[in-house]
There are 2 protein chains.
Amino acid sequence: MSRLAGKIPVMSQKPARKEVADKSYHHDDLRQKLIDATRDMIRSGGVEAVSLRKLADRVGVSRTAAYHYFRDKNVLLCTLAEEGFRQWQDQISRIFQDDSRLPAERYRLYIRWYMTYALENAEYYDLMFGRSIWKQKCATESLKAIAYDVFQDQVKLTRQGQKQGFLPAGEDSLRLAQVSWGTLHGLARLLIDGIYTDNSHIDEMCDCAANLLMR
Amino acid sequence: MSRLAGKIPVMSQKPARKEVADKSYHHDDLRQKLIDATRDMIRSGGVEAVSLRKLADRVGVSRTAAYHYFRDKNVLLCTLAEEGFRQWQDQISRIFQDDSRLPAERYRLYIRWYMTYALENAEYYDLMFGRSIWKQKCATESLKAIAYDVFQDQVKLTRQGQKQGFLPAGEDSLRLAQVSWGTLHGLARLLIDGIYTDNSHIDEMCDCAANLLMR
DNA sequence: AGCCAATCTTGACACTGTCAAATTCCGATG
DNA sequence: CATCGGAATTTGACAGTGTCAAGATTGGCT
């Protein structure tokens with residue numbers, strides 16, 4: 001009944017709380033601290049390494065304290081994935097707003113950026129596009145919303161590429177968006193998951209992918 | 001010292017063991033029973049649903065009995081993945097040996113088969129190509145061997161396609177094999193993991209992928 | 001000043017994988 | 001035929017995990 005499931009609780013009274021020692025009962029902004037600590041844990045040890053108990057230890061709070069801000073572990077992870085998608089969306093739009101480059105050139109850049117991001121933030125990518133979050137009934141509504149948004153961007157971006165003539169005009173934009181994302185995602189996963197073990201020819205793979213997708 | 005890590009123990013004396021009641025101390029071929037039961041569990045509930053204790057219960061044996069045949073849970077899963085890759089290899093070679101079809105036609109068929117297999121055996125595909133098995137230091141040597149073999153087949157098959165003129169001849173065969181597999185794997189994962197939620201246009205996606213990969 | 005509700009903790013439960021040590025039993029050996 | 005070694009299996013234990021129900025603590029408002 002009192003579970004707020006991710007909503008910010010009543011702590012939203014603006015009067016700046018007087019400085020509280022780390023050991024006090026009530027914390028400053030526990031929700032944010034939990035998110036930050038979780039992000040750290042993911043970055044260092046991957047999603048698998050996230051444990052609510054270790055998290056609590058790290059933040060200096062009891063095992064179940066997080067349950068007042070997140071319905072369960074899954075919702076916490078979804079929250080972080082959401083954050084990731086927002087940054088993702090930002091960075092992509094930045095690439096395609098760079099008018100100093102030709103459209104086709106931007107698309108090639110996008111492919112390289114995708115791969116670089118996925119490899120440099122492997123654990124975070126794994127969170128955002130991993131099964132744990134998306135498996136039936138797991139994904140939060142807000143996560144689904146932002147992810148859908150990001151995918152719509154990909155569709156727009158594809159349609160534009162077709163109009164600009166560097167993506168095959170004959171294909172349906174939706175399918176083309178699906179398949180091109182599939183290609184990038186597939187390569188990223190094969191590398192991240194350790195199925196492809198040769199990390200020294202990423203650029204060549206990107207080029208090959210670009211050659212296939214563009215024309 | 002006495003851990004045999006997946007090798008078949010001394011049970012290899014040929015004299016047909018006299019029929020043993022299911023409840024007896026020594027079982028008939030526990031190793032195989034464990035493998036079979038694990039396969040069942042994967043098919044119904046996915047890799048995540050595999051628990052050594054439930055497995056033991058199911059086979060009618062104590063929690064730790066499996067440890068005499070598999071060093072740990074990971075090795076058991078690798079064994080099953082290996083089995084999967086062998087069947088995988090079989091089915092693919094069967095497709096490409098069908099002389100009643102044109103090479104290009106066979107390749108299109110292969111793409112459709114890939115997708116169909118991945119979706120109809122989602123949990124098994126997830127095992128074979130999932131992170132749990134492949135993550136650093138997890139994959140068994142024999143698993144790596146068969147998987148490498150399967151990938152080499154893909155390279156050969158790609159090179160042949162280039163010679164036969166339905167795959168772009170300009171690209172390096174290895175890269176092309178990597179990227180084409182990436183495309184299929186990516187689409188499969190996006191569907192299996194629940195990121196793509198529309199399962200009613202698989203064929204269109206396959207066609208689009210084929211159009212991009214072939215020429 | 002005192003209460004209420006938001007916040008956090010304690011206790012408990014049912015799981016998990018895995019190790020070490022004890023048990024059971026088969027089959028070859030004396 | 002009895003025995004004994006070692007393989008096959010079990011029991012006990014430990015350190016984890018997520019999560020629920022209840023209790024303890026606290027700050028802000030009336």
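Just so we're on the same page: letters track the sequence lines, and every chain starts at 1.
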Among residues 48-57 of chain B, which ones have heavy-atom contacts with DNA chain C below 4.0 Å? V50(B), S51(B), L52(B), R53(B), K54(B)
Give, ordered by number, those residues of residues 128-142 of chain B having at least one heavy-atom distance below 4.0 Å to an atom of DNA chain C; if nothing qualifies, reply none. none
Any carboxylate oxygen within less than 4.0 angstrom of a Lys/Arg side-chain nitrogen, looking at [X] and [Y]?
X: R63(B); Y: D57(B); answer: no
X: K135(A); Y: E48(B); answer: no
X: E83(B); Y: R86(B); answer: no
X: R39(B); Y: D36(B); answer: yes

How close or far is atom [atom2] of [N] from atom [atom1] of [X], stated in whole angstroms?
X: Y69(B); N: dT9(D); atom1: OH; atom2: C1'; result: 9 Å
X: N74(A); N: dT19(D); atom1: CG; atom2: C1'; result: 13 Å
X: F70(A); N: dC8(C); atom1: CZ; atom2: C1'; result: 15 Å
X: L30(B); N: dC25(C); atom1: CG; atom2: P; result: 16 Å
X: L34(B); N: dA8(D); atom1: CG; atom2: P; result: 13 Å
X: R63(A); N: dA15(D); atom1: CZ; atom2: P; result: 16 Å
X: K73(A); N: dG16(D); atom1: NZ; atom2: C1'; result: 12 Å

Donor-acceptor pair under 3.5 Å: do we get one between T64(B)'s side chain and the base of dT9(D)? no
Between the side chains of [X] and [Y], does any donor sit under 3.5 Å from an acceptor?
X: Y196(B); Y: W181(A); value: no
X: Q162(A); Y: S173(A); value: yes
X: Q178(A); Y: R175(A); value: yes

Distance-only, no hydrogens or angles: does the D72(A) side chain make a donor-acceptor pair with backbone N or O of V75(A) under 3.5 Å? yes
Please step through salt bridge (charged side-chain N to carboxylate O under 4.0 Å, His left out) for the pair R106(B) and D98(B), ending with a clear verdict. CA-CA 8 Å; R106(B) 289 193 298 230; D98(B) 179 3; over 6 Å; no
Kindly say whether the aromatic ring centers of Y124(A) and F129(A) come within a distance under 6.0 Å. no
Sole candidate of Y110(A), F151(A), W113(A) that passes ring pair (Phe, Tyr, Trp, His ring centres under 6.0 Å) when paired with W88(A): W113(A)
Degree of bending, the helix from dA1(C)-dT30(D) to dG30(C)-dC1(D) (end axes from five pairs; round to 10°): 30°
A65(A) or D72(B), whichever maps to the more 5' nucleotide of DNA chain C: A65(A)
Phosphate-side-chain proximity, Y67(A) and dG18(D), N/O vs OP1/OP2 below 4.0 Å: no
Side chain to side chain contact (heavy atoms under 4.5 Å, CB included), that's the test. Do V47(A) and E123(A) meet it? Break it down for me. CA-CA 7 Å; V47(A) 189; E123(A) 304 300 345; 5.5 Å; no
Listed nucleotide nearest any side-chain atom of V61(A), set dC8(C), dA20(C), dT19(D): dC8(C)
Of all the choices, dA8(D), dT18(C), dC8(C), which nucleotide is nearest to the side chain of H68(B) once you look at every atom? dA8(D)
